[in-house]
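See below for the structure under consideration.
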Amino acid sequence: MRIIPASVDLVDLQQCLGSVGRVDMADLVERADPVDTAGEAAGALTLRRVDFTQLTPLEEDAAVVAGCMQKGGVGKTETIKGLGDKLTRPAKPEVPPLRVLLVDMDPNGTLSDGVGIDDDPEADGIASVMLDDKGERSALDIVYAVTDNLHIIPTRDDMFSLDDEMAGKRGKERRLWQAIQPLLRFYHVILIDCESSLGPGTDNALYATARSRRGGVIVVVQFEGPCMRNFEILLDQIEALERQLEVSVRIIGWFGNLAGTTKVNKQYRSQFEALPLDKLGEMPVRTKIKEAWDADKLLSEFMPASYDANFIYGEFANKVRERIA
């Protein structure tokens, strides 16, 4: 039985989805060099490869959390970036910061771009580790530090061929979980930014959350367009994976983006709020988010006093911390 949350199973959620209905739009008028001086001059983050001999292992393995939605343009990647940042920067001094690893599973590399990682056609990414049948590659070698407590495995060109290369592989849905095994003891949370489509990458992320004792899925939605239908498609994919691999995927909750006050926004918001899922927060349209993204900076660093960074993402992070504790 899927935990959505603990008291809600898949049948309940599907019945609720069937009763919600849809809005009828017709009726609603390590870089190659240790220090990247060029990026630094442009205001980008300077990233270094993580030396795990200098990191103290933690007492518990990481909670693996995946950000999912089978539709592009909903702000999923920025949401995962903002969540990771705020998990490492709690607002209250008595709350300890978490050590967080971001994993970019999107071939487009938007999350990697958003923290200042340049494309390197020769570098290995997580796909190369997942496809390595000989044990010659390790995820420990492809992690970069964004800040002291926020690290990232960037996507590389090898991610574009993942779907084709996975065909015929034994245990293909388990490859990501196997690849991140050496990393689990070094992080409190591993956040996976999934691609916005059905495929082996998303299946691998979902399976990894299911195998993680405190893991789960965060559904990122937008209060416009066919997001409810895309959410149903995601649930179908989760259900198929659960049956095939005999696992249970937990949905932690949903986070809404581009939260406005139009009739369309209100109707889509009401649809998601009617579901038996935890609402983790919502982000209005904010130009500062785009400006921080264009500058390859974390929002909390780009504008430390911003309401968005210090409150909305902060409250979002607090709710996630509670649910994966």
Closest non-hydrogen atom pair between [X] and [Y], with its separation:
| X | Y | value |
| --- | --- | --- |
| R175 | N204 | N-OD1, 3.0 Å |
| V189 | A62 | N-CB, 4.1 Å |
| P154 | S112 | CA-OG, 3.2 Å |

For [X], is the [atom1] atom crowded, meaning more than 12 foreign heavy atoms sit under 6.0 Å from it?
| X | atom1 | answer |
| --- | --- | --- |
| E246 | CD | no |
| E59 | CD | no |
| D51 | CG | yes |

Can you name the residues that form a salt bridge (charged side-chain N to carboxylate O under 4.0 Å, His left out) with E165, not counting sequence neighbours?
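E165: no salt bridge (charged side-chain N to carboxylate O under 4.0 Å, His left out) contacts found.
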Set of salt bridge (charged side-chain N to carboxylate O under 4.0 Å, His left out) partners for D158, sequence neighbours left out
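Result, salt bridge (charged side-chain N to carboxylate O under 4.0 Å, His left out) vs D158: none returned.
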Cut-off 3.5 Å, side chains only: do [X] and [Y] have a donor facing an acceptor?
| X | Y | result |
| --- | --- | --- |
| T110 | N108 | no |
| D141 | S138 | no |
| D203 | Q237 | yes |
| N257 | T79 | yes |

Please report the C-alpha distance between D85 and K81 in whole Å, then the side-chain angles of each, then the deciding distance to 0.1 Å, and finally whether the salt bridge (Lys or Arg N to Asp or Glu O under 4.0 Å) criterion is met.
CA-CA 6 Å; D85 180 29; K81 177 183 171 185; over 6 Å; no
Where do K290 and E78 land on the salt bridge (Lys or Arg N to Asp or Glu O under 4.0 Å) test, with the steps shown first?
CA-CA 9 Å; K290 184 178 186 305; E78 174 57 42; over 6 Å; no
Would you please classify the geometry between the F231 ring and the F272 ring as parallel, tilted or perpendicular, with 30° and 60° separating the classes?
tilted
Please determine whether a side-chain nitrogen of the Lys or Arg among [X] and [Y] lies less than 4.0 Å from a carboxylate oxygen of the Asp or Glu.
| X | Y | result |
| --- | --- | --- |
| K76 | E195 | no |
| R137 | D124 | yes |
| E322 | K319 | no |

Residue pair E291, K297: steps toward the salt bridge (Lys or Arg N to Asp or Glu O under 4.0 Å) verdict:
CA-CA 9 Å; E291 292 174 10; K297 286 186 175 293; over 6 Å; no
Report whether F302 and I117 are members of the same hydrophobic cluster (ILVMFWY, side-chain heavy atoms less than 4.5 Å apart, transitive linking).
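In one cluster with F302: I117, no.
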Quick check: Y187 with H151 (ring centres under 6.0 Å apart)?
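They qualify: ring centres under 6.0 Å apart.
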